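The structure under discussion appears below in the form of structure tokens.
Just so you know, these numbers use all the heavy atoms, side chains as well, and skip hydrogens, waters and symmetry mates. Computed from a predicted structure; not experimentally measured.
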Amino acid sequence: MTSICPTWSHLDSPAGLPDRRSLLESDLRRAIGRGELVLHYQPIVRLDSRRVSGAEALIRWDHPHLGILPPACFLGLAEETGTIVPLTTWAVREAFAQVARWDEQDVAIARMAVNLSAHQLREPDFARTIGRIAEDKRIDPRRIELDVPESVLVAGDRRSLDTLHDLKARGFGIAIDDFGIAYSSFSSLQRLPVDRLKIDRAFVRDLGSSEQSAAIVELIISIARRLGLCVTAEGVETAEQLEFLAAHGCDEIQGYYLGEPEPPAVIEHTVIRPAYAASSVR
Ligand SMILES: [Ca+2]
């Protein structure tokens, strides 16, 4: 993490500056109001047609002194300091607003994946809040897929499950994010109104080197099929990984092989426009 979050290497060090962390905390509290949070978008591609089927909205912090910070640098801090709910709710609102802006510009984006935090799902009235945001932006909830942490599946607390059922009833799609790392049992999937499993990048990364990872990926795809769920593989970085996933019936992929997450003005011209075709997938 230190390579992408240089500030963190000083935060917990006895030799470091003791107030760096609290500075970053107060910076983070003000980041939303100052317009420093931005969303970048990563394309999601169907493996049968090799066409873009949607995009995932990924939060970044454009820190005035530290530059663009990925979520690994600040989401943990946001969770500890209680700013995670306003921060991730801002991200939901902004992602919906971007879908609406693209609609006005005739940019075809069939589906937007938006990340939720476990904290949001425990908030009273969260489903109603999200439903109202979609209504305000005139977005059909069926075009939105909410990525839910696998930990929610494992914990299985009543309020989170109720929120998910409420979101599903309002028409939103539900995906289990980074599936496979939290050791959830397949049977626990039955408790949730799930549409999709997103295979964690760690298994995809090791596809060429670990028979166990290949077996786990095959198993997740096979169980998803039997349960009638779609499967997306995250973190695809090579042609070999893509071909393995295609050969084993994975529905969709995302990852650096298709391109890094980019600001909306970049991705709408390079990736999402309808002209994007099979030949665009390297
Ligand atoms: Ca996600």
Requested in this report: Supply the atom-to-atom distance Leu229 CG to Ile220 CD1, rounded to the nearest 0.5 angstrom.
Outcome: 11.5 Å
Requested in this report: Let me see the working for Ile59 and Glu94 under side chain to side chain contact (heavy atoms under 4.5 Å, CB included), right down to the final yes or no.
Outcome: CA-CA 10 Å; Ile59 196 166; Glu94 175 55 24; over 6 Å; no
Query raised in the report: Roughly how far, to the nearest 0.5 Å, is CG of Leu245 from CG of Leu207?
Result: 5.5 Å
Report task. Would you mind checking if Arg111 and Glu145 are paired as a salt bridge, meaning a charged N to carboxylate O distance below 4.0 Å? Result -> yes
Query raised in the report: Could Asp166 and Arg170 be called an ion pair, given the rule that one side-chain N must be under 4.0 Å from one carboxylate O?
Result: yes
Query - Thr83 and Phe74, any side-chain heavy atoms less than 4.5 Å apart - result: no
Query raised in the report: Can you get from Leu39 to Val266 by hopping between Ile, Leu, Val, Met, Phe, Trp and Tyr side chains that sit under 4.5 Å apart?
Result: no
Report task. Go through Trp61 and Leu66 one step at a time and tell me if the side chain to side chain contact (heavy atoms under 4.5 Å, CB included) criterion holds. Result -> CA-CA 9 Å; Trp61 181 9; Leu66 303 169; over 6 Å; no
Query raised in the report: Is the shortest distance from a Lys or Arg side-chain nitrogen in Glu36 or Arg60 to a carboxylate oxygen in the other one below 4.0 Å?
Result: no
Query - Residue pair Thr81 / Arg29, side-chain donor-acceptor N/O under 3.5 Å - result: no
Requested in this report: State whether the number of non-hydrogen atoms from other residues, nucleotides or ligands found under 6.0 Å of Arg34 atom CZ is greater than 12.
Outcome: yes
Query raised in the report: At what distance, to the nearest 0.5 angstrom, does CD1 of Ile176 lie from CG of Leu146?
Result: 11.0 Å
Query - Full working for salt bridge (charged side-chain N to carboxylate O under 4.0 Å, His left out) between Arg159 and Asp162 - result: CA-CA 5 Å; Arg159 181 175 277 179; Asp162 288 348; over 6 Å; no
Query raised in the report: Do Ile253 and Ile44 come within less than 4.5 Å of each other through their side chains, counting heavy atoms only?
Result: no
Report task. Taking the side chain as every heavy atom from C-beta outward, state whether Arg101 and Pro264 have any pair of such atoms under 4.5 Å apart. Result -> no
Query raised in the report: Same cluster for Ile68 and Leu58 if Ile/Leu/Val/Met/Phe/Trp/Tyr side chains link at under 4.5 Å?
Result: no
Query raised in the report: Counting N and O atoms only, with roles assigned by atom type, does the side chain of Asp62 sit under 3.5 Å from a partner on the main chain of Leu37, one being a donor and the other an acceptor?
Result: no
Report task. Compare every heavy atom of Ile139 with every heavy atom of Ala100, then report the nearest pair and how far apart it is. Result -> N-CD1, 3.7 Å
Query - side chain to side chain contact (heavy atoms under 4.5 Å, CB included) assessment of Leu28 paired with Leu87 - result: CA-CA 9 Å; Leu28 188 56; Leu87 194 142; 3.7 Å; yes
Query raised in the report: Is it true that Arg225 and Asp251 have a side-chain N and a carboxylate O under 4.0 angstrom from each other?
Result: yes
Requested in this report: For the residue pair Glu260 and Gln42, confirm or rule out a side-chain donor-acceptor distance under 3.5 Å.
Outcome: no
Requested in this report: Look up atom CD in Glu234 and atom CG in Leu197, then write down how far apart they are to the nearest 0.5 Å.
Outcome: 10.5 Å
Query raised in the report: Heavy-atom distance under 4.5 Å between the side chains of Phe203 and Asp178, does that happen here?
Result: no
Report task. Scan Arg51, Arg50, Arg46 and name whichever one has a salt bridge (Lys or Arg N to Asp or Glu O under 4.0 Å) with Asp48. Result -> Arg46
**Report entry** Gln241 side, atom CD; Arg201 side, atom CZ - distance, nearest 0.5 Å
**Finding:** 10.5 Å
Report task. List the steps and the verdict of salt bridge (charged side-chain N to carboxylate O under 4.0 Å, His left out) for Lys198 and Glu252. Result -> CA-CA 9 Å; Lys198 299 184 84 168; Glu252 296 184 338; over 6 Å; no
Report task. May I have all residue pairs that pass ring-ring contact (aromatic ring centres under 6.0 Å, His included) and include part of residues 147-167, sequence neighbours excluded? Result -> none
Query - Closest non-hydrogen atom pair, Ala233 against Val204 - result: CB-CG2, 4.0 Å
Query - Donor on one side chain, acceptor on other, Gln254 and Thr232, under 3.5 Å - result: no
Query raised in the report: Would you say Asp147 and Leu116 make side-chain contact, with heavy atoms under 4.5 Å?
Result: no
Requested in this report: Look at the side-chain heavy atoms of Ile, Leu, Val, Met, Phe, Trp and Tyr, link any pair under 4.5 Å apart, and say whether Ile181 and Ile223 land in one connected group.
Outcome: yes
Query raised in the report: Ignoring hydrogens and geometry, is there a side-chain-to-backbone donor-acceptor pair from Glu150 to Gly180 under 3.5 Å?
Result: yes
Report summary line: Scanning both residues in full, the closest heavy-atom pair of Pro149 with Ala118 reads CG-N, 3.8 Å
Query raised in the report: Can you tell me if CZ on Arg122 sees more than 12 non-hydrogen neighbours from other groups inside 6.0 Å?
Result: yes
Requested in this report: Examine the side chains of Asp157 and Ser160 and answer whether a donor and an acceptor come within less than 3.5 Å of each other.
Outcome: yes
Requested in this report: Provide the closest heavy-atom pair for Gly173 versus Asp195 in the form atom of the first, atom of the second, distance.
Outcome: CA-OD2, 3.3 Å
**Report entry** Pair Thr89, Gln120: side-chain N/O donor-acceptor within cut-off below 3.5 Å
**Finding:** yes
Query raised in the report: Do the side chains of Leu153 and Phe179 get nearer than 4.5 Å, heavy atoms only?
Result: yes
Requested in this report: For the pair Val236 and Leu258, evaluate side chain to side chain contact (heavy atoms under 4.5 Å, CB included) and give the outcome as yes or no after the intermediate values.
Outcome: CA-CA 8 Å; Val236 175; Leu258 306 168; over 6 Å; no
Requested in this report: Return the minimal non-hydrogen interatomic distance between Ala110 and Ser53, and the atom names on each side.
Outcome: CB-O, 3.6 Å
Report task. State whether the number of non-hydrogen atoms from other residues, nucleotides or ligands found under 6.0 Å of Arg191 atom CZ is greater than 12. Result -> yes
Query - Geometric class of the Phe96/Phe172 ring pair [parallel <30°, tilted 30-60°, perpendicular >60°] - result: parallel
Query raised in the report: Can you find a heavy atom in the side chain of Ile221 that is under 4.5 Å from one in the side chain of Ile199?
Result: yes
Query raised in the report: With a 4.5 Å limit on heavy-atom distance, are the side chains of Glu123 and Val85 in contact?
Result: yes
Query - Glu56 side chain to Asn115 side chain, donor-acceptor N/O pair below 3.5 angstrom - result: yes
Requested in this report: Enter the distance from Ser117:OG to Asp177:CG here, rounded to the nearest 0.5 Å.
Outcome: 12.0 Å
Report task. Looking only at non-hydrogen atoms, find the nearest pair between Cys250 and Leu47 and report the distance. Result -> O-CD1, 3.4 Å
Query raised in the report: Are the charged groups of Arg205 and Glu237 less than 4.0 angstrom apart, N to O?
Result: no
**Report entry** Ion pair check, Asp103 and Arg143, cut-off under 4.0 Å
**Finding:** yes
